[in-house]
Amino acid sequence: MRLTILGGGGFRVPLVHRALLDDPAQAVSEVTLYDTDARRVAVIASVLARQAERRSGPGKPPPVRVRIADSLDDALRGTDFVFSAIRVGGTAGRIADERIPLDAGVLGQETVGAGGVLYGLRTVPVALRIAERVAALAPDAWVVNFTNPAGTVTEAMSQVLGERVIGICDSPVGLVRRAARAAGADPDRVTYDYVGLNHLGWLRSLTGEDGTDLLGGLLADPDALTSFEEGKLFGAEWLRALGSIPNEYLHYYYFRRETLSSLVNTEETRGEFLDQQQGGFFEAASGVSPEEAYALWERTRLEREETYMAHSREATGGWQRDTCDLEGGGYDRVALAVMRAIAGDRHARLILNVRNGSTVPQLAPEAVIETVCEVDARGARPLPCAPLREDQLGLMLQLKAVELATVEAAEFKDRDAALRAMALHPLVDSPAVGGADRGGGGAAPPPGRGGGPPG
């Protein structure tokens with residue numbers, strides 16, 4: 001089976017490769033990397049080569065073959081699965097997405113608020129082109145979308161690929177596993193209800209294998225509740241009031257003042273940190289031995305994980321991430337679980353971004369939501385869920401309107417739709433801010449830079 005990774009020079013690609021090497025079934029025989037940045041993809045290929053050597057030995061299967069494609073069509077032709085992990089505009093684009101909103105006095109974040117809309121506007125045209133080329137060259141392939149903002153991008157690609165594109169995020173599965181451990185349960189033996197949009201969802205039930213309500217007990221135990229990341233972010237009192245555990249990104253909505261205060265005068269945004277960190281890594285790792293490149297990558301990866309969502313942690317007292325959350329995995333495990341379930345017709349239950357169907361009756365059947373799905377050879381099907389509370393549904397409806405307006409604006413170059421996308425977002429909340437012309441340093445870089453096929 002062939003796997004293509006678009007954005008093959010991405011920093012997290014070695015995590016996917018590591019999971020493939022550890023797969024006892026060895027279902028993937030070849031990985032094709034494609035990236036518009038030749039230097040980056042060469043460095044990552046070097047890291048992969050050393051990673052494969054470190055896992056080789058007597059009694060172990062041969063490493064997965066890695067190939068670098070020289071064009072998008074070459075990468076896609078005849079493939080079975082596509083992992084789309086592009087960053088249109090590179091980290092320079094992310095810096096603009098974060099700084100422009102902060103200059104206007106609103107939240108600047110990669111996927112949430114005005115920054116997420118800006119990122120979506122730049123990314124959707126490229127994502128649609130990829131979807132069209134997949135449909136033409138590999139019509140039987142499944143696309144697993146990593147590209148942020150994942151809900152918006154998956155929504156756009158589904159217009160071309162229908163149910164054959166599935167969006168993934170590691171936040172929900174991480175939340176379930178952390179909550180299960182805090183409740184004293186095996187994360188692999190619990191059932192759960194999770195529903196929302198990408199970076200906007202709630203864990204609303206957690207049940208042990210004997211039918212015990214684990215979430216209720218967890219919400220009633222302040223010590224257990226604040227022993228893991230989401231409990232520290234939101235606080236026991238607020239979680240008890242909600243009666244659920246939100247995705248970590250809802251901290252930007254529920255604690256907007258505190259988070260904005262921690263960001264507005266920041267000397268370095270997350271994008272600026274990653275631009276320097278990853279730029280330094282790729283510079284240092286160019287032309288060195290695979291062993292040196294691999295060691296540099298491991299050190300840089302650990303620093304990246306340690307600093308994840310640092311501003312939200314600062315806004316809630318400043319605390320360090322737990323060791324179990326620094327492994328750097330998540331996206332890779334979810335993506336490979338999807339691939340194995342579809343290719344091997346193995347039933348799996350996963351939280352994914354898929355078309356709604358009838359799961360949330362207030363949304364259109366084709367609208368992309370993030371919820372618990374059954375996955376097998378037929379693809380991913382959302383499971384029924386309990387009715388949403390008014391506050392949950394209200395946020396979902398408003399953010400879905402923002403996502404749809406972003407897709408419309410990007411696809412048709414519609415300024416009115418772009419203004420709606422900005423001004424209707426609850427973290428912007430003003431047409432005066434959403435429609436401001438902030439030229440002179442605010443322009444994003446051209447779409448082809450930094451990991452994705454040029455638009």
Side-chain angles (χ1 to χ4, degrees), residues 12 83-88 94 97 107 109-124 127 131 143-159 161 163 165-176 192-204 230 244-254 308-309 312 330-331 333-335 338 350-357 359-360 363-364 366-373 375 380 382 385 388 392-407 410 421 424-427:
R12 298 171 91 176
F83 288 179
S84 181
I86 66 173
R87 178 174 289 282
V88 180
R94 178 169 181 171
D97 295 341
L107 180 74
Q109 204 277 334
E110 178 195 19
T111 64
V112 173
V117 174
L118 291 172
Y119 191 13
L121 290 172
R122 192 170 62 251
T123 303
V124 163
V143 175
V144 180
N145 177 53
F146 295 60
T147 299
N148 277 322
T152 302
V153 172
T154 305
E155 181 86 44
M157 296 183 84
S158 71
Q159 294 180 2
L161 298 172
E163 295 177 351
V165 58
I166 298 168
I168 65 167
C169 181
D170 57 354
S171 292
V173 67
L175 165 56
V176 171
Y192 43 86
D193 171 22
Y194 181 98
V195 68
L197 305 179
N198 180 242
H199 290 179
L200 190 97
W202 299 266
L203 176 62
R204 305 185 306 157
E230 286 77 7
S244 62
I245 304 179
N247 183 294
E248 59 198 344
Y249 283 86
L250 271 154
H251 189 264
Y252 293 114
Y253 297 87
Y254 291 144
Y308 177 67
M309 290 197 79
S312 288
Y331 278 94
R333 289 194 291 265
V334 178
V338 170
L350 301 164
I351 300 172
L352 302 168
N353 288 265
V354 297
R355 284 185 160 183
N356 171 48
T359 301
V360 180
L363 287 172
E366 65 273 13
V368 170
I369 64 172
E370 186 170 81
T371 193
V372 185
C373 300
V375 191
C385 73
L388 285 102
Q392 297 166 348
L393 180 60
L395 269 175
M396 280 186 69
L397 290 173
Q398 188 165 6
L399 266 295
K400 179 50 67 178
V402 170
E403 289 183 352
L404 292 173
T406 301
V407 173
L424 292 176
H425 199 293
L427 298 180

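- Nearest heavy atoms, G201 versus Y194: CA-OH, 3.4 Å.
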Run the side-chain contact (heavy atoms from CB on, under 4.5 Å) check on E370 and I351 step by step: do they pass? CA-CA 7 Å; E370 186 170 81; I351 300 172; 3.9 Å; yes

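- Taking the six-membered ring for Trp and thresholds of 30 and 60 degrees, F83 and F146 have ring planes inclined between 30 and 60 degrees apart.
- For T147 (side chain) and I86 (main-chain N/O), a donor-acceptor pair under 3.5 Å exists by modelled atom type.
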Yes or no on side-chain contact (heavy atoms from CB on, under 4.5 Å) for V173 and L350, after CA distance, side-chain angles and deciding distance? CA-CA 8 Å; V173 67; L350 301 164; over 6 Å; no

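- In this structure, L200 CG and Y252 OH are separated by 13.5 Å, a value rounded to the nearest 0.5 Å.
- Heavy atoms only, all atoms of each residue included: G116 and P149 are closest at O-CG, 3.6 Å.
- Separating the CH2 atom in W202 from the CD1 atom in I245 is a distance of 14.0 Å, to the nearest 0.5 Å.
- If you take CG on D97 and OG1 on T123, they are separated by 8.0 Å, rounding to the nearest 0.5 Å.
- No side-chain donor-acceptor contact under 3.5 Å links H425 to the backbone of A114.
- Formation of a donor-acceptor pair under 3.5 Å by the R122 side chain with backbone atoms of V88 is found in this model.
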Check step by step if side-chain contact (heavy atoms from CB on, under 4.5 Å) holds for L121 and T406. CA-CA 6 Å; L121 290 172; T406 301; 4.1 Å; yes

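- Of the inter-residue distances, the one linking I369 atom CD1 with L352 atom CG reads 11.0 Å to the nearest 0.5 angstrom.
- With hydrogens and angles ignored, the 3.5 Å screen pairs no side-chain donor or acceptor of Q392 with any backbone N or O of G196.
- Taking 4.5 Å as the limit, some side-chain heavy atom of V112 sits within range of a side-chain heavy atom of Y253.
- Taken from CG in N198 to CD in E155, the straight-line distance is 11.5 Å, to the nearest 0.5 Å.
- The nearest pair of heavy atoms linking V402 to A421 is CG1-O, 3.4 Å.
- A side-chain donor-acceptor contact under 3.5 Å links N356 to the backbone of L363.
- Annotation for S171 and N247: closest pair CB-ND2, 3.4 Å, computed over non-hydrogen atoms.
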side-chain contact (heavy atoms from CB on, under 4.5 Å) between I166 and T154, worked out: CA-CA 7 Å; I166 298 168; T154 305; over 6 Å; no

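- Across all non-hydrogen atoms, the minimal contact from C385 to V195 is SG-CG2, 4.1 Å.
- Within the 4.5 Å cutoff, side-chain heavy atoms of V407 are placed close to those of T152.
- Side-chain atoms of R94 do not come within 3.5 Å of backbone N or O of R87 as any donor-acceptor pair.
- Minimum interatomic distance between P246 and L175 (heavy atoms only, all atoms of both residues): O-CD2, 3.9 Å.
- With rounding to the nearest 0.5 Å, the separation of NE2 in H199 from CG in L399 is 12.0 Å.
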